[in-house]
Amino acid sequence: MLEIKNLQASIEGKKILKGVDLTIGTGEIHAIMGPNGSGKSTLAQVLAGRDTFEVTDGEVLYFGKNLLDLAPEERACAGIFLAFQYPVEIPGVSNAYFLKSALNSIRKHRGEEEVDAMDFLQLVREKMKTLNIDDSLLNRAVNQGFSGGEKKRNEIFQMAVLEPKLAILDETDSGLDIDALKTVADGVNALRSPERSTLVVTHYQRLLSHIVPDHVHVLHDGRIIRSGGRELALELEERGYGWIAEHSGGSVEASAAGS
Amino acid sequence: MPEPARSDQPFLTGFRQLPPHAEAHGPLWLRRARARALERFHELGLPTTRMEEWRQTSIAPIRDTVFVPVPGAATSPTASELGAVPFGELGLPRLVVVDGRFSLELSTASDLPDGVWAGSLAAALEQQPERLEPHLAQLADASERAFTALNSAMFHDGVVLLVDDGIALERPLHVVYAATSHATPAALFPRTLVVARDGAAVSLVETYLGLTEDAYLTTAVTEVVVGRNARVDHTRVQLEAQAAYHVAEIAARLDRDARYRSLNVCLGASITRNDVGARLDGEGAEAVLNGLYVGLGTQHIDNQTVLDHAVPHCPSHELYKGILSGEARAVFNGRIIVRPDAQKTNAIQSNRNLLLSGDAVVHTRPQLEIHADDVKCTHGATIGRLDEEAMFYVRSRGLDADAARDLLIRAFASDLLDEIAEERLKAELERQVLSRLPRGAASE
């Protein structure tokens, strides 16, 4: 589904990604772990099309097509969804309006009929029930005045409604208490299917006991320095990022895995 | 750059003397007031950028044009033609003035409750001048404002709305000032008087609509008298022709426990200048002065507001928001005056601007003049661009750049637009605001 080859990206001349290689197959869940400043969030945002990062080299193929040529909305319409680390507040626009616009924009792009207000309500009510989200969310302004947990939960709710092919979760677990974490994990797991893939970007192993990954990669200083199965996450939990960086010839200041 | 003084102002040639209707007709008090106003107009001359209050607004294109007062429309629009223009038909009882003449045919506000008089100003001056005398030309400042003086001297007709004690009008009244095509640049002088007596409640939607592409000049004056415990909700939408000029004074006076709420929307005209003033003259009165201006191309929009707190215990709120693209320019000058007696004043003012292009300019200046010591006054101004992160967020959900930009601008204007109870008006306003944004500009 997704092939990242030697991806290099920088911001304001500063190199963040220094050659990332990663292949995600359809139906797989991959986790990218790494200390602060390793480039995890940059990778997530570059995949979603954030243009503050300049891609200086490499390529990304999505279903065989050049992903980097696409505008963010085209990527969304092609089935990519980024759950933001810091979801943006949009005062004055209700969640219902926002989400309906998004859903219909994507449907239109796919040549499907737009959903009307009734169908939309039915659809979102179903998803809200699964995710244990209160109805009142629909009429509240997008993320405005939401707690950290509510914002993350809202990201997962949007994901559930938009049903992406590739979901990228950018530190969706950070700052969540255990209940919110479980809700988020349940939401992701509910979407799990042979047709969908997920890329979980996280600092901590914690989320990965709820969303069990098929593959775990360690990103350090803009490169993936180690890949393995889910046991790699547990190992990191135990021994910290310092250990792995040393074994790969790098150094890591923060070794906060699992803490 | 200060402009040189000019004696040969072409503009003035059109207004050497009072027109026959103003000189020979109407009650004596009005004829006297008109003569004084014309004299004052020539004493004052047209404002120049050397004057502090006009520093950012040059009216050179107005000064250099000979505008001719028109005796009404050559061809009046039909009801369906009027209905086809934005804000022409809002599904509300309607009072229509075309090129300065009241149109009975186009007006539909006929079955109003007892105690409400709404209709032609010229007719009211014929039929019941004594009811107008205490109010007409009492609030607007014809002694210091040249354009107000000119309107006072020249106006022929307009709209009067008188609401008796304790009467509440359920539905808003829609006032249309329409401008049509003329062979030479036309000068229009719409005049509106609203008197809500004690305990009355009325909602008014004033619309200024250009039905032509021509350049013309609208010099408008609206006076609003809000009696004790009365309520006036005043929405004003200016959608003049893009080539037109619009200079207006809106003056309100609030008695004890009165409430006045103004929403001043500026969309059309190449040069717009509004002087909006509310005087809080009775304890417990509350004034809201809100505004929304959208400028594109080379439009120039100047709003000067004054909230005059004359007595204690009055709250006032003011929120003006601007959306500017192209080389549009906006001026916001918001004065809050708290007079020595006006203790316990609570005044909040805010001006927020969204610039969608690098060449758009905003001059914003809050001015607090506080002469009392126990007051709460806050003000703030912001000038910003569309938040890139918010744009990315919305686009990452599947909306293209234009749609994302529309959504964020809708969000920006929402606190003003969401206050509008009339769905049709709100929807039309939203449509007009969004239609005045450059397409494809979001991704520049």
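Scope of the values below: all heavy atoms of this structure, side chains included, with no hydrogens, waters or symmetry mates. Convention: sequence-line order gives letters A, B, ...; per-chain numbering from 1.
A donor and an acceptor atom, one from each side chain of Tyr208(B) and Glu206(B), are located under 3.5 Å apart. Side chains of His379(B) and Ser350(B): a donor-acceptor N/O pair is absent below 3.5 angstrom, by distance only.
Each of Gln45(A), Arg75(A), Glu73(A) has some count of heavy-atom pairs under 4.5 Å with chain B, and the biggest count is that of Glu73(A). Highest contact tally toward chain A, considering only Leu417(B), Val394(B), Asp418(B), Asp415(B), is held by Val394(B) [criterion: heavy-atom pairs under 4.5 Å].
Of the two parts of Glu74(A), neither the backbone nor the side chain holds a non-hydrogen atom closer than 4.5 Å to a non-hydrogen atom of chain B. Using a 4.5 Å cut-off between heavy atoms, Leu82(A) contacts chain B through both its backbone and its side chain. Residue contact with chain B, scored on non-hydrogen atoms closer than 4.5 Å, is absent for Pro164(A).
Annotation: side chain of Met33(A) is not in contact with side chain of Leu219(A) (no heavy-atom distance under 4.5 Å). Val60(A) is not listed as a side-chain neighbour of Glu3(A), based on a closest heavy-atom distance of 4.5 Å or more.
Aromatic ring centres of Tyr393(B) and Tyr86(A): separated by at least 6.0 Å.
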